[in-house]
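Note sheet for the following structure.
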Amino acid sequence: MSLKLNIAHLYGDLLNTYGDIGNILVLDYYAKKMDVELTSEIVSLDQRFEESKFDLAFFGGGQDYEQMIVSKDIQNKKEALISFIASEGPMLAICGGYQLLGEYYISAKGEKIAGINALPHYTKSQDNNRFIGDIIIKNSETGQEYHGFENHNGMTFLGNGERPLGTVISGHGNNGADKTEGAIYKNVFCSYFHGPILARNGELAKRILLLALKRKYPDADFTKQEQLEIKSTY
């Protein structure tokens, strides 16, 4: 069987300030090791998100100016994105993408920027402060540690039905108070890790790829892909 996956890179021409496009490169690297052909397509301003075309979605972050533009346009994609998530479509959302999937976020200037309410979290801003530095978290479901770098003004608070991507071992995480970092909702994985996150945490890349494969090919045997050994890169 020829295995193929197609990624929607949401606003990839606008939200790439922190180099998080590297997550797609990492997914492609591990996909090749799994004998999977991976393709990607940017879905940007004034374009439809055709959920049936995509097996995965990636939503990166950017600065407030770009996110203001995206926040207005993404309302036109809201229903399709919510439908994709509800049908267990796998997605990785980083920083600004994470915030825009929620109810709203407050910019550094105090402006309330609407999300799409696909996930039940919300984000406030800090006064004259950012969470910056190395961070380590532990995922309670797998026992895996994820290592990365955070750089965000936002303080995100999770809602009902969300669980954290991990518990903070060192660093700040979502809000610096409740020891959570990121979010998992259905097959959506959110985080403030830049760097990009998957470059240092290949097991997470493998997990996301397997979710996409099993959703697209429900009757296939993925024993070989599940047995792929991921070496530590931190």
Side-chain angles (χ1 to χ4, degrees), residues 5-18 20-21 23-24 27 39-125 152-165 174-175 180 182-192 197 208 211-212 215-216:
L5 294 174
N6 191 25
I7 300 180
H9 188 182
L10 299 170
Y11 304 101
D13 53 340
L14 292 173
L15 301 180
N16 54 19
T17 304
Y18 302 104
D20 292 316
I21 189 176
N23 287 304
I24 292 180
L27 286 168
T39 55
S40 65
E41 181 179 334
I42 290 175
V43 180
S44 193
L45 301 177
D46 300 318
Q47 295 178 326
R48 291 176 56 209
F49 175 73
E50 300 178 55
E51 57 179 298
S52 62
K53 289 179 59 176
F54 301 106
D55 310 300
L56 276 165
F58 173 68
F59 195 178
Q63 297 185 7
D64 282 350
Y65 176 75
E66 289 82 8
Q67 285 183 211
M68 285 283 286
I69 296 171
V70 169
S71 72
K72 295 174 183 177
D73 181 86
I74 200 173
Q75 303 304 323
N76 299 320
K77 301 175 176 63
K78 176 178 177 176
E79 289 186 10
L81 285 166
I82 289 175
S83 177
F84 180 77
I85 291 169
S87 65
E88 307 288 347
M91 181 184 296
L92 176 63
I94 303 297
C95 200
Y98 174 17
Q99 294 170 351
L100 285 170
L101 289 179
E103 296 175 2
Y104 65 86
Y105 82 94
I106 306 298
S107 74
K109 294 181 179 180
E111 300 164 294
K112 187 174 183 179
I113 300 174
I116 62 169
N117 286 284
L119 277 66
H121 58 259
Y122 62 91
T123 303
K124 297 182 177 181
S125 64
H152 56 106
N153 169 263
M155 297 186 298
T156 296
F157 298 87
L158 302 185
N160 293 332
E162 287 182 295
R163 56 196 192 278
L165 178 62
N174 282 330
N175 51 57
T180 66
I184 301 175
Y185 180 85
K186 294 186 180 292
N187 285 338
V188 179
F189 297 81
C190 303
S191 180
Y192 277 113
I197 185 173
I208 293 170
L211 285 170
R215 178 175 178 263
K216 184 173 185 178

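Side-chain N or O atoms of N153 include none that pairs as donor or acceptor with a backbone N or O of S125 at under 3.5 Å. Between the side chain of S83 and the backbone N or O of A80 there is no donor-acceptor pair closer than 3.5 Å. With N174 contributing its side chain and L158 its backbone, the two residues share no donor-acceptor pair below 3.5 Å. A donor-acceptor pair under 3.5 Å is formed between the side chain of Q75 and the backbone N or O of G115. Without hydrogens or angle criteria, N175 side chain to T156 main chain gives a donor-acceptor distance under 3.5 Å. At distances below 3.5 Å, at least one donor-acceptor pair connects side-chain atoms of N6 with backbone N or O atoms of K53.
At a cut-off of 3.5 Å, with distance as the only test, no side-chain donor of K112 or Y122 sits close to an acceptor on the other residue. E111 and Y105 share no donor-acceptor pair across their side chains, judged by distance under 3.5 Å alone.
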Open item on the list: Applying side chain to side chain contact (heavy atoms under 4.5 Å, CB included) to L101 and I116, what does each step give before you reach the verdict?
Closed with: CA-CA 5 Å; L101 289 179; I116 62 169; 4.0 Å; yes
TODO: Take L211 and L56 through the side chain to side chain contact (heavy atoms under 4.5 Å, CB included) test and state the conclusion after the steps.
DONE: CA-CA 9 Å; L211 285 170; L56 276 165; over 6 Å; no
Open item on the list: Could you go through H9 and I21, starting from their C-alpha distance and side-chain angles, then the distance that decides it, and tell me whether this counts as side chain to side chain contact (heavy atoms under 4.5 Å, CB included)?
Closed with: CA-CA 9 Å; H9 188 182; I21 189 176; 3.6 Å; yes
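Between F54 and F49, the ring centre distance stays below 6.0 Å. The aromatic ring centroids of H121 and Y98 lie less than 6.0 Å from each other.
The cationic atom of R215 (NZ for Lys, CZ for Arg) lies less than 6.0 Å from the six-membered ring centre of F84 and within 45° of the ring axis.
Distance check, rounded to the nearest 0.5 Å: CD of Q47 to CG of D73 gives 8.5 Å.
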